[in-house]
Amino acid sequence: MRGRILSAAVGVLTLVAAHPAAAQAPEPYRVGMTAAITGPFSAGYAPTYEAYRTYFKRVNEAGGINGHPVVITYEDDRGEPQRAAAAAKKLTDGALLLINASISPTYKPVMTEAEASKTPLLFGGGVCPREAFPPAAPLIFCTTSFGSKWDSRMALGFIKEQSGTKKVRVGFAAQDIPLSRIELEFAEQHARELGMDTIPVVVVPGAASDFTPFAQNLKDAGADWVFSWAPWGVEIGVFEALHRIGWKGNYILYGHQPAQDELTRLRAPNLHALTGNAMFIESLPIHAEITKLVQGQTNHPAHYMAEGWTSAMVLEAGLRKCGWPCTREKLAQALSSVSVDTRGLRGGPIEMTADNHYRRATYYKVYRWDAGKNAIVSVGGWSKLDIK
Amino acid sequence: MTASPATPLLELENVEVVYHRVATAVQGVSLRVPERSIVALLGTNGAGKTTTLRAVSGFLGGDDARVVAGRIVFRGEVITGRMPHEVARRGLVLVPERDKVFETLTVGENLDAVVPGRRRLVTREQVFHYFPVLAERRRQLAGYLSGGERQMLALASALLCQPELLLVDELSLGLAPAIVETLMALVRRLRDELGTAVLLVEQNAAAALAVADAGYVLEHGRIVYDGSVERLLAHEDIREFYLGVGHRTDRVRYTDVKQYRRRRRWF
Amino acid sequence: MVLSVDEVTLEFAGLRALSGVSFAVEQGSLTALVGPNGAGKTSLLNCMGGFYTPTRGRVTFEGAAISELPPHRVAAAGVARIFQFVELFRHMTVLDNILLGRHRHMRAGVLAGSLFWGVSRREETRERRRAEEVIEFLELERSRKEPVASLPFGVQKLVGVGRALAMEPRLLLLDEPSTGMNREEKENLARFLLRIKHELGTTMLWIEHDMELVGDLAERVVVLDFGQKIAEGPPDTVLRDPRVAEAYLGRAWDAQKGAPS
Amino acid sequence: MAALGGGYFKTSYEADLALVDTRLRRVALGALVVALLVLPRFASGFVLDLVSQAAFAAIGALALNVLTGLAGQISLGHAGFLAAGAFTTAALVERGLVSPLVTLPATALVGGVLGLVVGMPSLRLKGLYLALGTLAMHHVVLYAAGEMQARAGGNTGFTIPPPRLGGLVFRGTVAWYYALVVLAALVLLLVVNLQRSRAGRAWMAIRDRDVAAASVGIDVARYKLSAFVWSSVVTALAGALFAYHRGFVSVEAFGFFVAVEYIAMIIIGGLGSALGAVLGAAFVTLLPYVIDALVAGVSPDAAQYYVFPAKFGAFGLLMALFLLFEPLGLVGIWRRVRNWFALWPFRHRPLRASS
Amino acid sequence: MAQALATTLVVASLYALLGAGYVLVYRASRVLNLAQGDLLTLGGYFLFATAATFPGAPVLALPLAAALSALTGVLVYVALMRPMAGHPVFAAVLVTVTLGILLRAAIVLVFTDRTRHPLQNLGLSNPPRPLAGGAVVSTFDLVMVGAAVAFFAALFVFLKVSPLGIRMRAAGERALLASQRGINFHGVFALSWALSAFAGSLAGMIYSSNVRLEPSLGILGLRAFAVALVGGLDSLGGVVPAALLVAAVEVASVRWGNPLLSDVSPFLCLLVMLLVRPWGLFGTKEELERV
């Protein structure tokens with residue numbers, strides 16, 4: 001019995017080793033994706049994986065791209081760097097492009113693999129690495145709506161605009177992960193440059209048992225505005241605690257996927273969600289289309305798909321432009337000059353250039369709950385920020 | 001076999017126990033305890049006495065021990081492999097050698113914790129009558145009792161299980177001779193007044209044979225001798241090796257034992 | 001006097017286990033330490049083994065105070081102990097158990113051991129030879145590579161002895177070695193104690209409750225009761241001492257109160 | 001006394017101490033070495049990477065096995081030691097000290113000191129209590145590492161360039177494959193040596209019965225600490241190796257789950273056995289990929305969103321089943337298989353009396 | 001200050017419920033249940049599920065969720081811990097880790113990994129409640145405190161007075177002897193696991209109602225075993241003061257010390273306790289030798 005288990009294991013290992021490249025006609029475009037599909041951070045990344053899957057299912061059903069289907073191999077890295085490295089190693093074997101939709105600690109190992117095999121690497125879902133910003137690394141691309149430095153600039157600009165001539169004091173709520181802390185330390189400095197009063201960044205553990213003491217620190221320091229750029233749990237946790245202890249200031253956070261539901265749940269007029277994706281409450285045609293397409297294909301709500309959907313659009317455009325046969329170099333080149341109309345999912349087209357693999361301009365919108373209308377409203381329209 | 005011809009209360013037939021799947025602790029042990037009798041099971045350290053008792057009273061899953069052959073019959077019912085609590089509730093109750101009371105519980109709680117067996121033989125009042133000191137210390141933590149008091153508490157809580165057969169492991173161990181004598185007398189009284197049969201497992205052969213009706217001798221996991229107390233006491237090897245009294249009046253000094261003596265074996 | 005115990009007092013949280021015990025042991029002698037249960041015999045042995053530090057007083061062995069030393073230093077000074085309940089390394093083989101007795105005669109450290117080169121390799125080969133001698137002495141060849149846990153109790157006891165002998169001690173402490181033995185086994189034990197005494201010349205301090213054994217074998221007897229020495233001398237006189245008899249038999253204690261008459 | 005299979009008589013104690021003592025074993029070992037040598041010619045980069053990962057895990061598992069399996073000191077802080085090694089390397093590389101000739105000794109030193117500190121509680125604590133102490137240490141180390149990473153501004157971690165010695169740059173899947181396999185073999189050899197020598201015996205004695213160990217002259221405190229130091233030095237070096245191999249260092253790579261995985265490796269392999277540690281490392285590292293390969297063929301498109309959580313659950317389930325039904329670990333299976341072959345066609349049940 | 005005290009009390013209540021879970025299981029199986037945090041998460045999802053099934057009927061949803069949690073505890077004991085009896089303790093601890101993995105996977109399979117809010121389905125709201133001294137807590141903060149107080153009061157009465165409780169203590173000290181005294185310790189241990197799962201789940205239901213519900217909430221459990229150890233792994237009575245202590249240190253470090261340290265502060269408490277008094281405030285010293 002035990003001997004059999006052992007031989008079965010050996011057999012399976014041999015299978016893994018010999019994993020044959022599935023041969024079908026016509027030849028497909030091969031792409032690999034490593035994503036945090038499960039694990040403690042999956043809430044933000046699993047929807048991207050599902051969006052890609054649904055999106056290219058439709059593309060393939062409609063005859064593929066240039067007559068060739070797109071085959072994406074998905075690997076679950078659980079947000080663990082080692083697993084991502086192994087996944088990247090596996091995926092670069094024969095893939096035209098690698099997609100990363102995972103947390104930032106997976107970036108370095110995946111980039112190392114992509115670089116070694118000269119595979120273009122597209123970040124879609126996780127925060128954009130600085131290699132995608134101008135001057136961009138030749139093989140690194142990013143479609144994610146949120147990006148460090150730009151988001152802080154935009155949020156602080158919004159605060160300044162809202163408060164007019166009044167001198168405001170701004171607080172910052174970060175999570176105890178390097179990414180969030182570094183971003184908000186930048187924001188703190190930037191706020192001072194903009195002439196605002198600042199409170200040192202309050203760093204909150206992701207697993208805080210109670211957000212109240214952190215909120216109390218912000219309240220005691222006299223914050224008029226608080227900006228939070230972190231995973232959703234901390235962003236909203238600090239706000240709710242502030243709200244409960246009777247803080248009357250304004251709060252702005254990055255609007256991740258749950259933002260739309262949470263604004264509705266909390267109905268707090270002083271809660272602002274800054275986001276690069278149009279919320280589905282705007283009911284654009286593309287929103288309806290996505291909603292219909294993902295019906296029964298995913299366990300996540302349709303409005304969680306926006307991030308991945310946009311990314312998939314960019315990949316599709318790149319592949320179309322690459323033609324057939326497509327190579328890694330050609331695809332990298334194609335992506336470097338792509339211009340994608342997001343049909344309203346974003347504030348404008350995603351345009352990449354040879355030295356800007358992020359976008360020539362990025363667009364933001366701020367949403368909040370309007371008690372009078374009993375609905376989420378956007379505060380002004382799209383704002384545009386040129387990326388230079 | 002020497003015991004009374006009536007069907008015995010407890011009967012072991014060729015019981016073999018294996019620890020950790022490989023180490024055999026007792027091999028082919030057969031013995032019987034008739035109703036209302038006191039039977040002694042004698043042997044040296046490591047002869048397999050405790051294992052035999054544990055086999056009768058049941059192993060826990062964590063012991064990694066198993067009865068691999070033979071059967072154990074109590075009141076006509078095969079109880080081999082039953083859990084200890086099932087055995088106890090049938091009226092077969094063990095007073096273990098070590099860890100015999102709940103130290104973090106009070107004396108009273110120790111008695112309250114007992115789940116009584118099916119028949120009602122002993123009342124709490126009777127127990128306090130036999131062990132008045134326990135009534136006095138009812139509120140005291142059992143961990144603070146002296147050795148003798150502990151043994152009494154262990155006997156008392158075993159009695160509250162309503163035993164028809166008490167299995168007592170090393171009643172005398174670590175106790176002063178006078179206390180041993182008192183406790184042995186008490187065991188006899190329990191049998192006489194309550195009708196509880198007793199299987200006494202002892203290293204102290206003299207003390208055990210003083211109250212027992214019959215006895216078995218266990219060596220290296222096997223029964224090597226059995227019989228009524230009279231027969232055992234008359235047996236020259238038992239007298240010499242277990243009771244320390246030779247058949248000659250002048251015993252051989254240890255210093256004079258020059259030869260490595262191998263005595264007759266029974267198997 | 002190779003071992004001397006001077007005014008040793010031991011207290012635990014106010015409870016006095018030993019009070020002012022003094023005696024001495026002669027080189028190469030077999031001294032028995034007797035007394036009823038709870039008299040403090042094992043506590044005294046623990047004071048010598050380094051497991052307890054006396055509250056007052058001290059124990060000196062070959063002129064050095066061992067009562068202040070931790071157990072491993074006591075062992076290094078040449079004192080070995082045979083435990084009442086065989087304290088063996090149950091998951092290790094007989095050979096490894098005996099080699100552990102040689103621990104203090106070896107030098108190789110962790111680094112040398114990792115490389116198994118030079119001193120470590122030479123030492124392992126050399127000490128293996130020594131261990132085999134002990135195995136032969138105790139006739140343990142058959143069980144050499146068996147894990148101790150799978151051996152019969154009697155053999156385990158022998159392994160415990162082998163481990164102590166492998167240490168080549170100059171003082172051997174024995175804690176009730178005859179517990180649970182029948183007459184035949186006790187005879188073996190006696191033979192064995194005499195062999196150690198005569199062939200190896202090891203000094204022995206021996207806790208024992210079997211008075212016949214003590215009477216026959218011991219040169220000197222020290223009697224403890226309630227943590228105090230109540231008698232000392234040759235067995236013939238000591239064992240006839242009425243105080244000793246009383247300590248052993250008269251402890252009718254509160255049994256009369258506890259149990260019905 | 002004759003070795004299994006019969007016919008092999010040792011003529012000297014030296015021969016009895018040898019590691020590979022029969023011709024059959026020599027042949028098997030030789031075959032394994034040849035197989036590992038030629039594997040890169042046949043296997044894909046992914047497979048080589050998997051073997052490298054398993055070899056890397058084996059190094060860590062062997063180090064933990066010395067501490068937990070041999071010396072009996074349970075540690076939940078293993079990932080902390082790894083992190084300490086990796087972050088020491090990162091800190092030096094940040095300051096321009098990139099040569100392994102500098103980083104490796106420094107890492108070993110940091111690992112040793114940390115091992116000494118973390119080992120201190122073991123002088124008073126055992127079992128779960130010690131495990132909790134080492135777990136607390138793990139959190140403290142990770143906290144310090146996180147601070148360091150945040151201060152250095154490395155929001156996605158530190159980049160570590162490939163190790164360079166003179167003009168020689170060490171990089172590439174195949175090169176790392178050989179390096180890790182050789183290093184794992186080396187550590188295995190060290191551990192096996194320890195097991196048959198004075199220090200290893202002393203550790204095992206402490207594990208089995210520390211009071212008795214002291215009474216045969218073993219300095220229990222010193223040996224406990226030396227087990228911690230040996231284990232933490234090797235683990236910290238493994239951390240440096242991780243940094244160079246993967247080319248990055250970040251706190252997320254050393255979470256609590258990593259420590260648990262290492263514990264899983266040595267328990268599933270068979271506690272206390274060096275071979276078990278290697279087998280366990282391979283098992284725990286490769287199991288998710290085996291599950292992947294098994295699921296790849298059977299997952300229907302319609303239920304894609306169930307596949308990944310199901311795989312994760314299957315990993316947990318297989319581990320649980322293994323622990324429930326094979327308490328002796330992989331090495332137990334291995335021994336049974338070996339005995340079965342050795343004794344074939346006779347069945348044999350060793351029986352001994354014991355109390 | 002008043003706010004800090006109030007918060008301390010709330011956090012301590014959460015920790016006390018989780019800590020009770022650890023201690024109950026420890027006393028039954030001598031195992032540290034590393035899945036305790038995941039049982040907390042599971043409790044939240046049970047509530048979410050029952051609330052979704054009976055929307056607007058908390059009277060139905062809450063007891064049902066609690067019953068499901070207790071049942072889970074029994075199942076875990078029967079299926080996983082009972083067969084592990086006699087195996088090395090750490091193998092059993094590892095089994096609880098695999099249990100955690102299984103629970104998380106199952107939760108994601110059934111509920112996805114989205115953030116949820118059971119209160120929305122229950123039809124309840126969670127308004128702030130001003131207290132004396134200017135402190136404000138949420139309604140479910142108060143529920144947490146109340147639940148902890150009620151749970152502990154009931155538990156103490158149960159263990160001190162009822163025969164079953166006394167038997168549970170007896171079996172916790174010496175399973176074999178308990179069994180020899182007719183106590184079906186498997187039943188008693190299963191009950192311990194049920195109570196433990198119930199305590200953890202109760203904390204989870206309230207926490208997820210109060211804050212949010214997601215599959216990774218289990219991390220909270222990791223912090224709470226500092227509480228179990230500080231109080232003494234085998235001491236239920238020690239849990240309460242230990243929870244207060246750990247919570248106070250944590251809140252104080254956010255308010256007046258280094259907030260960054262708050263994440264490791266339970267572990268620092270644990271380390272200090274291990275160095276000073278390893279068996280905990282109210283634990284028994286003998287436990288140290290036992291494991």
What's the separation between atom [atom1] in [X] and atom [atom2] in [Y], rounded to the nearest 0.5 Å?
{"X": "E/L274", "Y": "D/Y129", "atom1": "CG", "atom2": "OH", "answer": "9.0 Å"}
{"X": "D/L132", "Y": "E/L229", "atom1": "CG", "atom2": "CG", "answer": "5.5 Å"}
{"X": "E/Y26", "Y": "D/L128", "atom1": "OH", "atom2": "CG", "answer": "6.0 Å"}
{"X": "D/L135", "Y": "E/F225", "atom1": "CG", "atom2": "CZ", "answer": "4.5 Å"}
{"X": "E/L261", "Y": "D/E147", "atom1": "CG", "atom2": "CD", "answer": "8.0 Å"}
{"X": "E/T112", "Y": "D/Y306", "atom1": "OG1", "atom2": "OH", "answer": "10.0 Å"}

message: Just so I know, are the side chains of D/L317 and E/T98 near enough to count as touching, which here means a heavy-atom distance under 4.5 Å?
response: no
- prompt: Do D/L125 and E/W279 come close enough that some side-chain heavy atom pair is under 4.5 Å?
  reply: no
query: For the candidates D/F315, D/F256, D/F308, which exhibits the highest count of non-hydrogen atom pairs separated by less than 4.5 Å from chain E?
result: D/F256
query: Can you tell which of D/M137, D/M319, D/R124, D/K311 has the highest number of heavy-atom pairs within less than 4.5 Å of chain E?
result: D/R124
Side chain, backbone, both or neither of [X] within contact of chain D (heavy atoms, under 4.5 Å):
{"X": "E/L32", "answer": "both"}
{"X": "E/A91", "answer": "both"}
{"X": "E/A79", "answer": "backbone"}
{"X": "E/L270", "answer": "side chain"}

- prompt: For D/I74, is it the side chain, the backbone, both, or neither that has a heavy atom closer than 4.5 Å to a heavy atom of chain E?
  reply: side chain
- prompt: Only one of E/D263, E/L268, E/V264 forms a side chain to side chain contact (heavy atoms under 4.5 Å, CB included) with D/H139, so which one is it?
  reply: E/V264
- prompt: Shortest non-hydrogen contact from D/P309 to E/A105?
  reply: O-CB, 3.5 Å
query: Can you name the closest pair of heavy atoms from D/A136 and E/L271 and give their distance?
result: CB-CG, 3.5 Å
Heavy-atom pair count under 4.5 Å with chain D, highest-scoring of [options]:
{"options": "E/L275, E/V93, E/L103, E/L233", "result": "E/L233"}
{"options": "E/P83, E/P266, E/A226, E/P278", "result": "E/P278"}
{"options": "E/L260, E/V97, E/V108", "result": "E/L260"}

